[in-house]
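Report on one structure; see the data block that follows.
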Amino acid sequence: MLSAQKGSGRTEPHRPVLDPPPRRPQAARGLGDRVFRYQLTATGVVVLGIMAAVGLFLLLRATQALRATGPSFLTTAQWQPDVHKFGIAAVLTGTLLIAAVAVTISVPLAVGTALFISDVAPRGLRRTLVSLVDLMAAVPSVVYGLWGLFFLQAHVIGLSRWLSDWFGWIPLFKVDGTHPGDPLASASVYTASAFVAGIVVALMVAPIQCSVMREVFAQAPAGEREGAYALGATRWGMIRAVVLPYGKGGIIGGTMLGLGRAMGETIAVYMIISPVFVIQPHILQTGSNSVSSLIALHYGDASSFGMSALMAAGLALFLLTLAVNFTASTIAARSRSGAQSEA
């Protein structure tokens, strides 16, 4: 058959020889690389193990109280564990309100500060501003609490009164026992509120959020920045088209990190609020509560069963914080920094 084809003068069409698929280069792993890899793996396992151990400890210590109260633990506002009438409905509502006020104030402050440091401030001033922001994060919580109690609270009453007068038709800003424009309204109804505590917590978490956002904004590609300027964009246009889309993941991550920190703040909130065990959705009105403040308030004089109830409250806060962190990780993973920009 082959000789016949040769005798006829016909030749086989040339078939291109396919190159083998390229092999992924792999660097030889030395002893140092293997040790480093095992060390990182062990570190991750230890962190997960500690977190699981904390959750298991709280669950075991809270079992007695959870068995006694059942599902009503999430719906009861009273806190009388000695007569088996207790729940976290009131303190959980206060925790979420204080954290919401804190994040609402801290996020714009952190984003603006981070953008100013990374894109607006002169190069010689940036290091000083970074040091000042980091120094704010190192101030103890009790100092913030004293400042909020003796200084901020007296100066924020006017703002609380103005918000209540103009936006009191919104249940969140309503204050019971007051009327818009009433000159005889007592100022004491605006003190020790979730609003004051939220402002103090906002100043505590803003440096952490700012640090995360600043690091992400500073990594925006220089080529895209210069390209935006070359197309005629102003500085704000460049920030809006390049820096903010690139740092979306950092903004979300910093916000959720600050939210988790705000929900767990204890001393500053404990010093400012006036504890109440009713579900109060009014952030400007005196009286609020939080899970961490509840534990700090009753830890010293709690009975054996009361201690189990406090552990149950701590378990609820632990699970809530985990849920917030996992949600932040999911959102940040879906909006990776630098994945897209408008430039």
Side-chain angles (χ1 to χ4, degrees), residues 26-27 29-71 73-74 81 87-88 91-92 95-96 99 102-103 134 137-138 140-141 201 204-205 207-209 211-213 215-216 249-270 290-296 298-300 302 304-337:
Q26 295 182 355
R29 293 179 179 175
L31 178 61
D33 294 332
R34 291 196 299 269
V35 171
F36 181 67
R37 180 183 180 184
Y38 294 149
Q39 182 180 1
L40 290 182
T41 304
T43 302
V45 172
V46 168
V47 171
L48 293 177
I50 293 175
M51 185 176 64
V54 171
L56 181 61
F57 167 78
L58 292 174
L59 179 61
L60 293 177
R61 295 294 300 271
T63 301
Q64 182 182 5
L66 293 177
R67 286 178 179 176
T69 185
F73 179 72
L74 299 175
I88 60 171
V91 294
L92 191 60
T95 300
L96 296 177
V103 171
D134 293 342
S141 300
V201 175
M204 297 177 62
V205 303
I208 303 174
Q209 296 174 330
S211 298
V212 175
M213 298 175 188
E215 293 296 329
V216 177
I251 295 175
I252 296 174
T255 300
M256 292 300 181
L257 181 63
L259 178 60
R261 175 72 174 83
M263 289 190 299
E265 176 53 39
T266 304
I267 298 301
V269 176
Y270 174 72
S290 69
V291 176
S292 56
S293 298
L294 169 71
I295 297 174
H298 294 280
Y299 181 82
S304 177
F305 185 82
M307 185 62 66
S308 179
L310 293 178
M311 291 294 177
L315 177 63
L317 181 61
F318 177 76
L319 295 177
L320 180 61
T321 305
L322 282 184
V324 170
N325 290 332
F326 280 124
T327 303
S329 300
T330 303
I331 297 175
R334 291 182 178 179
S335 57
R336 293 183 181 274
S337 297

I'd like to know if the side chain of Ser308 reaches the main chain of Ser304, judged simply by a donor and an acceptor atom lying under 3.5 Å from each other, with no hydrogens or angles considered.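 Checking the backbone N and O of Ser304 against the side chain of Ser308, no donor-acceptor pair under 3.5 Å is found.
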With no hydrogens and no angle check, is any side-chain donor or acceptor of Ser292 less than 3.5 Å from a backbone partner on Glu265?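 Yes: the side chain of Ser292 pairs with the backbone of Glu265.
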Phe36: which residues meet the ring pair (Phe, Tyr, Trp, His ring centres under 6.0 Å) condition with it, sequence neighbours left out?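 Listed in chain order: nothing, the list is empty.
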State, to 0.1 Å, how close [X] and [Y] come at their nearest heavy-atom pair, and which atoms those are.
X: Phe73; Y: Ala313; answer: CZ-N, 3.7 Å
X: Ala302; Y: Leu310; answer: CB-CD1, 4.0 Å
X: Val201; Y: Ala102; answer: CG1-CB, 3.8 Å
X: Ser211; Y: Asp134; answer: OG-OD1, 3.4 Å
X: Ala316; Y: Ile88; answer: CB-CD1, 3.5 Å
X: Ser141; Y: Ala268; answer: O-CB, 3.8 Å

Of all pairs that satisfy salt bridge (Lys or Arg N to Asp or Glu O under 4.0 Å), the ones with a partner from residues 53-70, not counting sequence neighbours: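 Counting only pairs at least two positions apart or across chains, no salt bridge (Lys or Arg N to Asp or Glu O under 4.0 Å) contact touches residues 53-70.
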How long is the straight-line distance from [atom2] of [Y] back to [atom1] of [X], given to the nearest 0.5 Å?
X: Leu257; Y: Ile252; atom1: CG; atom2: CD1; result: 13.5 Å
X: Leu315; Y: Leu66; atom1: CG; atom2: CG; result: 6.5 Å
X: Gln39; Y: Arg34; atom1: CD; atom2: CZ; result: 15.0 Å
X: Met311; Y: Leu60; atom1: CE; atom2: CG; result: 11.0 Å

Residues that [X] engages under side-chain contact (heavy atoms from CB on, under 4.5 Å), provided they are two or more places apart:
X: Asn325; result: Thr321
X: Thr255; result: Val103, Val107, Met213, Ile251
X: Leu322; result: Met51, Phe318, Phe326
X: Leu320; result: Leu92, Leu96, Met263

Only counting residues at least two apart or in another chain, list the ones meeting side chain to side chain donor-acceptor pair (under 3.5 Å) with Thr266.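 If we apply the side chain to side chain donor-acceptor pair (under 3.5 Å) test to Thr266, skipping adjacent residues, there are no hits.
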Residues forming a side chain to side chain donor-acceptor pair (under 3.5 Å) with Thr95, sequence neighbours excluded: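 Scan of Thr95 (side chain to side chain donor-acceptor pair (under 3.5 Å), adjacent residues dropped) gives none.
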